[in-house]
Amino acid sequence: MDALFAAPPEAEQARMVEAVLFASADPLTVKEIAERLPHGSDVPAALARLAEHYAPRGVQLMRIGDAWAFRTAPDLGFLMAREAVETRKLSRAAVETLAIIAYHQPVTRAEIEEIRGVAVSRGTLDLLLELDWIKLGPRRESPGRPATFVTTRAFLDHFGLESAKDLPGLAELRAAGLVGAAPELAAGAPRPGEAADG
């Protein structure tokens with residue numbers, strides 16, 4: 001059955017999507033955007049049109065996981081340094097734990113402890129959960145069905161990543177001086193975005 005009213009012209013749909021994304025505090029999925037637009041609107045086409053329009057500008061339309069949001073162009077991030085307020089500095093344990101989860105997800109607490117070589121305090125995981133950078137993933141099909149941890153859309157958004165596959169590789173980390181010649185964290189890590197065995 002045909003819709004009672006025709007969908008707005010493509011240019012108007014793009015304007016509507018633009019308005020919805022600007023008004024939203026959080027990234028929105030295609031489905032969430034479509035729920036706010038008139039019936040028959042082509043949200044993916046509107047997003048593609050907006051992404052092309054904003055590509056050379058100071059604000060760009062970026063894909064964050066399965067969602068979309070406007071963000072400062074990466075090459076202009078230094079201009080925002082004064083406005084960035086760092087309310088909490090992560091401990092070394094929290095940084096290591098987050099890195100292990102990002103590169104080995106989904107990963108259990110026991111696996112994190114095995115990789116780090118020390119016990120993971122409850123406070124470290126609580127902090128990362130509170131920051132919404134990690135969340136509980138699927139339970140393992142093994143004795144006790146242990147819970148796993150995975151990164152979140154907020155993690156991708158904070159670090160400017162489209163997906164976990166965009167995490168830097170071992171060679172890039174070494175070149176940046178972030179890991180030594182024999183990094184324990186990355187040893188045996190699957191490629192970003194791939195699940196760990198188990």
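Here the structure is a predicted model, which means the values were calculated and not measured.
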Would you indicate whether the side-chain heavy atoms of [Y] and [X] approach each other to under 4.5 Å?
X: Phe155; Y: Leu98; answer: yes
X: Glu10; Y: Arg49; answer: yes
X: Phe149; Y: Ile112; answer: yes
X: Met62; Y: Asp157; answer: no

For this session: Could you tell me which residues satisfy side chain to side chain donor-acceptor pair (under 3.5 Å) with Thr124, sequence neighbours excluded, listed by chain and number?
Result: Ser121
For this session: Test salt bridge (charged side-chain N to carboxylate O under 4.0 Å, His left out) on Arg15 and Glu12 and set out the steps.
Result: CA-CA 5 Å; Arg15 286 185 68 235; Glu12 186 63 17; 3.0 Å; yes
Exercise. Is it true that atom CD of Glu162 has more than 12 heavy atoms of other residues, nucleotides or ligands lying nearer than 6.0 Å?
Worked result: yes
For this session: Mark yes when over 12 heavy atoms from residues, nucleotides or ligands other than Arg122 sit less than 6.0 Å from its CZ; otherwise mark no.
Result: no
Please tabulate, for the side chains in residues 30-38, all donor-acceptor contacts under 3.5 angstrom to protein atoms that are two or more places apart in sequence or on a different chain.
{"residue": "Glu32", "atom": "OE1", "partner": "Thr29", "partner atom": "N", "Å": "2.8"}
{"residue": "Glu32", "atom": "OE1", "partner": "Thr29", "partner atom": "OG1", "Å": "3.4"}

Exercise. Counting N and O atoms only, with roles assigned by atom type, does the side chain of Gln60 sit under 3.5 Å from a partner on the main chain of Arg71, one being a donor and the other an acceptor?
Worked result: no
Problem set entry | Ser24 side chain vs Asp26 backbone, donor-acceptor pair below 3.5 Å | yes
For this session: Would you please name every residue forming a salt bridge (Lys or Arg N to Asp or Glu O under 4.0 Å) with Glu113, sequence neighbours left out?
Result: Arg109
For this session: Kindly compute the distance separating CD1 (Ile134) from OG1 (Thr152), expressed to the nearest 0.5 Å.
Result: 8.5 Å
Exercise. How many angstroms lie between atom CG of Leu156 and atom CG of Asp166, to the nearest 0.5 angstrom?
Worked result: 8.5 Å
For this session: May I ask you to say whether Asp132 pairs ionically with Arg153, meaning some side-chain N is under 4.0 Å from a carboxylate O?
Result: no
For this session: Measure the acute angle between the ring planes of Trp133 and His158, then classify it against the limits of 30° and 60° as parallel, tilted or perpendicular.
Result: tilted
